Amino acid sequence: MLQNTGKLAGYTIFITGASRGIGKAIALKAARDGANVVIAAKTADPHPKLPGTIYTAAAETLNEYFALPCIVDVRDEKQINDAVGKAVEKFGGIDILVNNASAINLTGTLETPMKKVDLMLGINLRGTYLTSKLCIPHLLKSKNPHILNLSPPLNLNPIWFKNHTGHPLLPDFFLDQNTFPLISNADSAATGPVSDLFNTIRGILSPDIVKTTQGVYRFDLSGDHAGVWYIDLKNDAGSAGSGEPPVKADVVMTLDSSDFIKMFEGKLKPTMAFMSGKLKIKGDMGLAMKIDKMMGMIKPKL
């Protein structure tokens with residue numbers, strides 16, 4: 001159970017889809033922290049299969065006076081407007097909007113009826129936009145306004161797309177490649193085990209790895225799959241690809257491409273490769289040792 005901090009005391013929070021699930025949990029926690037909560041959801045009458053209504057959710061707060069249940073279908077502009085008006089009338093304004101209401105249908109494209117598609121777009125996209133639009137005039141009057149949109153993260157890593165297109169992935173020129181680790185021109189043309197290995201490497205990049213590593217690595221590979229590759233574990237959420245790294249490398253490793261692959265497969269220890277002369281290292285030796293951790297994470301995925 002999260003401890004109450006009191007930081008939300010006196011704030012008014014408008015939460016869509018708050019009759020059950022995550023929305024309700026946010027409403028209850030915020031109310032216990034001293035906030036006024038607007039329980040905005042469709043369910044006014046008990047559902048035969050799903051527990052909870054806007055009224056039972058409001059009743060579960062510590063003080064029902066600070067909870068306002070409102071019947072709201074986020075696709076209905078009038079219902080949202082009415083709820084926003086009631087919230088402002090009762091609490092004097094709106095400080096935080098939580099766009100939590102959503103719909104999902106986990107079926108393939110051919111199996112998903114358009115009725116379900118329209119429902120998802122109507123709630124997830126139009127509903128979020130419309131509720132934000134109608135709340136913003138009141139949020140602008142708050143001394144500390146926020147909008148929180150709950151949604152799955154959008155992962156643009158090519159490992160998630162590469163098996164589902166008709167064509168090799170190409171870079172999107174409207175996105176910053178330092179922020180979104182897409183395949184570069186060189187990557188899209190490259191094929192072979194090194195390219196495949198870097199696709200796997202991109203799949204494990206995360207802010208946590210970047211935070212604990214703080215190093216940029218350049219690999220000068222010779223042999224059958226010669227080329228320059230890099231792994232940036234210092235900036236943003238990390239990136240990896242062919243060519244020069246986006247910033248100056250802290251460590252430069254020179255070795256044969258086959259030995260490079262063997263190291264990540266766990267068939268050749270970096271220490272042994274270095275001592276035998278197969279691996280040459282320039283730069284920060286401490287950072288060079290940290291690459292072992294990534295190799296350990298990669299091995300089970302190969």
Side-chain angles (χ1 to χ4, degrees), residues 2 8 11-31 35-61 67-88 94-139 145-157 159-161 163-165 172 175 180:
L2 294 175
L8 296 177
Y11 285 88
T12 296
I13 306 179
F14 192 104
I15 310 171
T16 64
S19 61
R20 61 177 68 94
I22 295 174
K24 176 185 169 183
I26 293 174
L28 296 183
K29 175 62 177 71
N36 308 315
V37 292
V38 181
I39 313 286
K42 290 194 303 179
T43 309
D45 300 316
H47 192 281
K49 296 182 179 179
L50 300 174
T53 68
I54 56 175
Y55 303 111
T56 58
E60 288 186 47
T61 63
L68 176 64
C70 294
I71 300 174
V72 173
D73 181 335
V74 293
R75 296 168 294 176
D76 189 314
E77 185 171 0
K78 184 179 185 304
Q79 289 187 8
I80 301 173
N81 246 332
D82 289 346
V84 169
K86 290 177 182 177
V88 173
I94 298 175
D95 301 290
I96 301 172
L97 166 63
V98 179
N99 284 310
N100 167 72
S102 63
I104 189 169
N105 197 73
L106 297 175
T107 53
T109 302
L110 298 179
E111 295 75 33
T112 307
M114 287 310 299
K115 182 178 180 181
K116 293 289 187 180
V117 175
D118 292 337
L119 177 68
M120 289 186 284
L121 292 176
I123 295 176
N124 301 345
L125 180 59
R126 185 180 187 277
T128 296
Y129 183 92
L130 180 57
T131 306
S132 300
K133 177 181 175 65
L134 297 179
C135 285
I136 284 174
H138 302 284
L139 291 170
H146 284 78
I147 295 180
L148 173 63
N149 295 326
L150 300 186
S151 68
L154 180 60
N155 190 338
L156 296 179
N157 193 301
I159 193 172
W160 301 109
F161 299 98
N163 295 324
H164 305 285
T165 56
D172 189 326
L175 294 177
F180 299 100

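Every value quoted in this text rests on a predicted model; they were computed, and no experiment measured them.
- Separating the SG atom in Cys135 from the CG atom in Leu130 is a distance of 9.5 Å, to the nearest 0.5 Å.
- Nearest heavy atoms, Lys24 versus Ala57: CG-CB, 4.3 Å.
- Two residues are said to be in side-chain contact when any heavy atoms from C-beta on lie closer than 4.5 Å; Ser19 and Thr53 fail this criterion.
- Rounding to the nearest 0.5 Å gives a distance of 11.0 Å between CG of Asp118 and CD1 of Ile123.
- Panel note: side chain Arg20, backbone Gly52; a donor-acceptor pair is recorded below 3.5 Å.
- Contact annotation: the side chain of Ile22 approaches that of Asn100 to within less than 4.5 Å [non-hydrogen atoms, C-beta and beyond].
- For Ala30, the side chain to side chain contact (heavy atoms under 4.5 Å, CB included) partners at least two apart in sequence or on another chain are Leu8, Ile13, Ala35, Val37.
- Between atom CG of residue Leu119 and atom OG of residue Ser102 there is a gap of 10.0 Å, rounded to the nearest 0.5 Å.
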Which pairs would a plain distance check flag for residues 39-46, meaning a side-chain donor or acceptor within less than 3.5 Å of a matching protein atom at least two apart in sequence or in another chain?
none

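- With rounding to the nearest 0.5 Å, the separation of CG in Leu97 from CG in Asn149 is 7.0 Å.
- Thr16 has its side chain out of reach of Val98: every pair of non-hydrogen atoms, C-beta onward, lies at least 4.5 Å apart.
- To the nearest 0.5 Å, atom OH of residue Tyr11 and atom NE2 of residue His146 are 8.5 Å apart.
- In this view, Thr112 and Asn105, Thr107, Lys116, Val117, Met120 satisfy the side chain to side chain contact (heavy atoms under 4.5 Å, CB included) rule, not counting sequence neighbours.
- The distance from atom CZ of Phe14 to atom CG of Asn36, rounded to the nearest 0.5 Å, is 13.5 Å.
- In this structure, Thr109 has no side chain to side chain donor-acceptor pair (under 3.5 Å) partners at least two apart in sequence or on a different chain.
- Contact check for Val38 versus Thr12: side-chain heavy atoms found under the 4.5 Å cut-off.
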Hey, can you pull the donor-acceptor pairs under 3.5 Å for the side chains in residues 77-88, sequence neighbours left out?
residue: Lys78; atom: NZ; partner: Asp82; partner atom: OD2; Å: 2.9
residue: Gln79; atom: OE1; partner: Asp73; partner atom: N; Å: 2.7

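- No side-chain heavy atom of Pro137 sits less than 4.5 Å from a side-chain heavy atom of Leu139.
- Summarising the geometry of Val74 relative to Ala101, their closest heavy-atom pair is CG1-CB, 4.2 Å, with the distance given to 0.1 Å.
- Annotation: side-chain hydrogen bond (donor to acceptor under 3.5 Å, both in side chains) contacts involving residues 120-138, sequence neighbours excluded, comprise Asn99-Ser132.
- Of all the heavy atoms in Pro69 and Ala67, the pair that sits closest is CD-O, 3.5 Å.
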